[in-house]
2 protein chains.
Amino acid sequence: MSRASERAYAAIRAHVLGGSVAAGDQLTEDQLAQITGVSRTPVREAVRRLEDELLLVRSDTNRLFVADWSRDDIEEMFVLRQMLECHAAERAAKRLSREQIAALEALNRELTAAVEQSPPDVARFLEANRAFHEAIIDAAHSPRLRQLLARLVEAPVVLRTARTYSQDDLRQSARDHDELVAAFAARDADWARAVMGSHLRRAFHTFARAVGPKTEGAANDRDGAEP
Amino acid sequence: MSRASERAYAAIRAHVLGGSVAAGDQLTEDQLAQITGVSRTPVREAVRRLEDELLLVRSDTNRLFVADWSRDDIEEMFVLRQMLECHAAERAAKRLSREQIAALEALNRELTAAVEQSPPDVARFLEANRAFHEAIIDAAHSPRLRQLLARLVEAPVVLRTARTYSQDDLRQSARDHDELVAAFAARDADWARAVMGSHLRRAFHTFARAVGPKTEGAANDRDGAEP
DNA sequence: CGTGTGGGTATTGTATACAAAACGCGCTCG
DNA sequence: CGAGCGCGTTTTGTATACAATACCCACACG
């Protein structure tokens, strides 16, 4: 993507995730153009991407708002991600080359190093984790699958929870990745799928624990515009 | 979406699917602006959507081409659709109201009528079929799932194969839908999932039979730009 | 009171002009 | 002969002005 619209994308994303605006707030293209320092044209392009990723939503009359995710929304995203990424692991197990498996091992060594620092370097962990999962998705060799997952992977992770992981949580992640590599080395697609499944499902529960208990009723149905 | 960019979207889509251009051909924004009769701004918006749907692809230097799907690409889309739509059926089974189930029955009566005409009215069938599947996805009550499926559902169906269905194929579809409705009425999520799975997998084989035998090697890997 | 209607303001949508980047092609120089 | 360079042309990217639409508030009318 081109320079200005990429910059706008990153800036707006940071602005929204950084918490300078609250969920449900309205944003205007002019405002965002000022913040990002580019004109409305690339801003509109960036906004489209962020809508795709569901960080921003439009009202029925095309006004723009910061999305407001319920806990149920987030659980559903984890479920979908699990479904798709298990499939990716299965395909990857059949396709990874010896070199690619070695690369995964290296990534997980990096991840482990980040975890075993004291204190653990969460940013470094997250980057290694992202790279690890991305490598698997790449190896699945399915552009569609990659595209679908792109919308699901970053968003929940980034949702303020990053710093709530305990060192034990992080260590367990590293162990899961080790087992995943073992499954790949054995070319055992079923094993890979199962490990990926428990890995992601545990991630959901870690997340859920951090975010608080399940909401009573109030599963917000259709579009989530302002309050 | 707004008028001009919607018009552009429909026109470009028709232009590509109508076969006025070959897979792999380059398109330019100016060209498309002329064809659609709007300026490049809404054309660019429309093109983004079509890129998302993978009908168009960009080269590494942002030139625009008509996508060229291999048989393997299409099989993978069916697999993904099956995975997601089975999930939708499962969720729908738990959520459909009595009225919604009645609505599905009505849609399938319409579909059956289209099939039992002689000759069968394929366009009418496709429309009823689309509405039936959409109603299920709606009932699953997951905006993310809906969004992901939107990219997978229309595209392969539309790919010239529509007219290759035999009357038996169409009848079997209608029967599948009947069974799906029965599963919903029984609130049996496992049954619904299983029926949806076989329904879509059979659709793939019908498609595959029409399109010809499996290709030997040559699974096109990365982006599918021109020859 | 409540409802709806008007018009000024805010916001999004489209066209167009210009800037930046990529392509193609002929040329030079090893 | 072939690889690399320069430069005009094509194509995409960005800014900006203007058009269309939605919003908001005040006021009239039932």
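Note on naming: letters A, B, ... go to the chains in the order of the sequence lines (proteins, then strands), and numbering restarts at 1 for each one.
Closest approach to the B/R63 side chain among D/dT12, C/dA15, C/dT12 is made by D/dT12 (side chain taken as heavy atoms from C-beta onward). Nearest to the side chain of A/A4, among D/dT14, C/dT14, D/dT12, sits D/dT14. Between D/dT12, D/dA15, C/dT14, one nucleotide has an atom nearer to the side chain of B/R44 than all others, and that is D/dT12. Residue B/R58 has its side chain nearest to D/dT12 when only C/dT11, C/dG13, D/dT12 are considered.
The structure places CG of B/D25 at 11.5 Å from CG of B/L56, a figure rounded to the nearest 0.5 Å. Distance CZ/B/R81 to CZ/B/R151: 15.5 Å, rounded to 0.5 Å.
Rounded to whole angstrom, the span from the CD atom of A/Q34 across to the P atom of D/dA15 amounts to 14 Å. Rounded to whole angstrom, the span from the CG atom of B/L56 across to the C1' atom of D/dT12 amounts to 15 Å. As rounded to whole Å, 13 Å separates atom C1' of C/dA10 from atom CZ of A/F65. Distance A/D30 CG to C/dA10 P: 11 Å, rounded to the nearest Å. Spacing between atom CD of B/E6 and atom P of D/dA20 amounts to 19 Å, rounded to whole angstrom units. When the P atom of C/dG13 is taken as reference, atom CD of A/E45 falls 14 Å away, rounded to whole Å. The CD atom of A/Q26 sits 8 Å away from the C1' atom of C/dT11 (whole-angstrom rounding). Across the protein-nucleic acid pair, A/D25 atom CG and C/dT11 atom P stand 13 Å apart, rounded to whole Å.
Note on A/R40: every side-chain N or O is 4.0 Å or more away from OP1 and OP2 of D/dT16. Phosphate proximity of C/dT14 to B/S2: present, with a side-chain N or O under 4.0 Å from OP1 or OP2. Taking side-chain N and O atoms only, A/N62 has no distance below 4.0 Å to OP1 or OP2 of D/dT21.
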| request: Quick one: do A/V115 and A/R124 satisfy side chain to side chain contact (heavy atoms under 4.5 Å, CB included)? Show the steps, please. | output: CA-CA 9 Å; A/V115 170; A/R124 196 176 158 203; over 6 Å; no

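Evaluation of atom-type donor-acceptor distances gives no pair under 3.5 Å for the side chain of B/T61 against the base of C/dA22.
The nearest heavy atom of DNA chain D to B/E29 and to A/G37 marks one nucleotide each, and the one closer to the 5' end goes with B/E29.
If you check every strand for non-hydrogen atoms under 4.0 Å, A/L27 touches sugar and phosphate atoms only. Nucleic acid contact for A/T41: base, since at least one base atom lies under 4.0 Å from a heavy atom of the residue.
A/F132 and A/H177 have parallel rings, their planes meeting at less than 30° on a 0 to 90° scale where 60° marks the start of perpendicular.
A salt bridge is defined here as a Lys NZ or Arg NE, NH1 or NH2 lying under 4.0 Å from an Asp or Glu carboxylate O, and B/E51 with A/R49 fails to meet this definition.
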